[in-house]
Amino acid sequence: MRTTKQIIGTGLLIMTFLLSYNVQGQRRTNNSNRIVKTERTVSNDRVKTNHHRHNDRYRTQPIRRSPHYRYPRHRRVIRTLPVNHVRIVYRGMPYFYYSGIYYTSYGDEYIVVLPPRGFRISVLPVGHVRIVVGPTVYFYHSGIYYVESTETNVEEEGKYEVTQPPVGTVVTEIHEDSEEVSVDGKTYYEYNDVLYKKRIDNEGDITYEVVYN
């Protein structure tokens with residue numbers, strides 16, 4: 001009798017152990033599946049997040065923006081050019097000029113650009129300011145400086161050439177898109193690669209002096 005009871009007890013212990021082992025195995029499998037699913041979810045979220053950021057970067061850098069042109073910091077786009085604009089090709093790049101403002105094609109529209117040094121026009125824009133610095137006379141309009149060219153072929157390419165002002169040049173106003181910058185704790189204004197310092201005289205009149213270009 002004792003032998004039979006011992007055999008039955010041993011069998012019960014083995015069955016209990018096997019049941020417990022199967023339950024633990026199922027829990028491990030379920031936990032493993034949960035871990036796998038969690039990792040996939042995180043991975044998918046990461047992909048979506050990166051894709052979303054990529055789209056943000058894409059939207060801030062339009063594909064129509066050409067690296068060959070210089071753009072003002074604040075983009076201005078128009079649908080149609082002024083009626084009396086002039087088309088000028090400079091170094092293989094087309095520009096559209098009207099009243100001191102320069103444009104180029106921007107898809108089906110036109111965007112304001114900055115003319116490069118050496119660019120020439122035949123007639124100065126209305127409202128330009130004449131500035132004398134030493135022996136040189138400059139003409140200023142919309143943040144752009146011109147100087148009268150002395151070359152022999154000015155009739156074909158234009159009489160007035162885009163240039164940069166020397167340090168010390170003083171103007172009464174700067175372009176409305178000029179950006180305020182801080183250098184060594186001092187405030188300056190930058191536009192078209194020219195850095196200005198604001199000055200106020202004893203009478204309260206404001207002028208801007210070129211300190212770097």
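By convention here, the first residue in the shown sequence is residue 1. Just so we're clear, the structure is a prediction, and the values are computed from it rather than from any experiment.
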Test item: [X] side-chain N/O and [Y] main-chain N/O as donor-acceptor pair under 3.5 Å:
X: S142; Y: I144; value: no
X: Y196; Y: V171; value: no
X: D184; Y: K186; value: no

Inter-residue atom distance [X].[atom1] - [Y].[atom2], 0.5 Å rounding:
X: Y191; Y: S178; atom1: OH; atom2: OG; value: 7.5 Å
X: M93; Y: S66; atom1: CE; atom2: OG; value: 4.5 Å
X: K159; Y: I121; atom1: NZ; atom2: CD1; value: 11.5 Å
X: Y138; Y: Y146; atom1: OH; atom2: OH; value: 15.0 Å
X: T187; Y: K197; atom1: OG1; atom2: NZ; value: 12.0 Å
X: T207; Y: R199; atom1: OG1; atom2: CZ; value: 4.0 Å

Heavy atoms only: give me the nearest [X]-[Y] pair and the separation to one decimal.
X: Y103; Y: V112; answer: CE2-CG2, 3.7 Å
X: E109; Y: V77; answer: OE1-CG1, 3.4 Å
X: Y106; Y: R75; answer: OH-NH1, 2.8 Å
X: P82; Y: I78; answer: CD-CD1, 4.3 Å
X: S99; Y: P125; answer: C-CB, 3.8 Å
X: P165; Y: V210; answer: CG-CG2, 4.0 Å

Would you kindly confirm whether [X] and [Y] end up in one hydrophobic cluster when ILVMFWY residues are joined by side chain heavy atoms under 4.5 Å apart?
X: I131; Y: I206; value: yes
X: V137; Y: V170; value: no
X: L124; Y: L114; value: yes
X: I174; Y: V133; value: yes
X: Y140; Y: V126; value: no

Ring centroid separation for [X] and [Y], is it under 6.0 angstrom?
X: Y95; Y: Y69; result: yes
X: F139; Y: Y145; result: no
X: Y90; Y: F119; result: yes

Task: Y160 vs V162, side-chain contact (heavy atoms from CB on, under 4.5 Å): CA-CA, chis, key distance, verdict - done: CA-CA 7 Å; Y160 301 97; V162 174; over 6 Å; no
TODO: Walk me through it: do L195 and Y189 pass the test side-chain contact (heavy atoms from CB on, under 4.5 Å)?
DONE: CA-CA 6 Å; L195 200 65; Y189 301 88; over 6 Å; no
Open item on the list: Could you walk me through whether R87 and Y97 satisfy the side-chain contact (heavy atoms from CB on, under 4.5 Å) test, starting with their C-alpha distance in whole Å, then the side-chain angles of each, then the deciding distance to 0.1 Å, before giving a yes or no?
Closed with: CA-CA 6 Å; R87 184 178 185 273; Y97 168 79; over 6 Å; no
Open item on the list: Tell me which pairs pass side chain to side chain donor-acceptor pair (under 3.5 Å) where either residue lies in residues 161-177, with sequence neighbours left out.
Closed with: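 Of all non-adjacent pairs touching residues 161-177, those that pass side chain to side chain donor-acceptor pair (under 3.5 Å) are R120-E161.
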Open item on the list: Given D193, which partner from the list R70, R73, R117 fulfils the salt bridge (charged side-chain N to carboxylate O under 4.0 Å, His left out) test?
Closed with: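 Going through R70, R73, R117 one by one, the salt bridge (charged side-chain N to carboxylate O under 4.0 Å, His left out) with D193 is satisfied by R70 alone.
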Open item on the list: I'd like to check the side chain to side chain contact (heavy atoms under 4.5 Å, CB included) partners of N202; sequence neighbours left out, ordered by chain and number.
Closed with: none
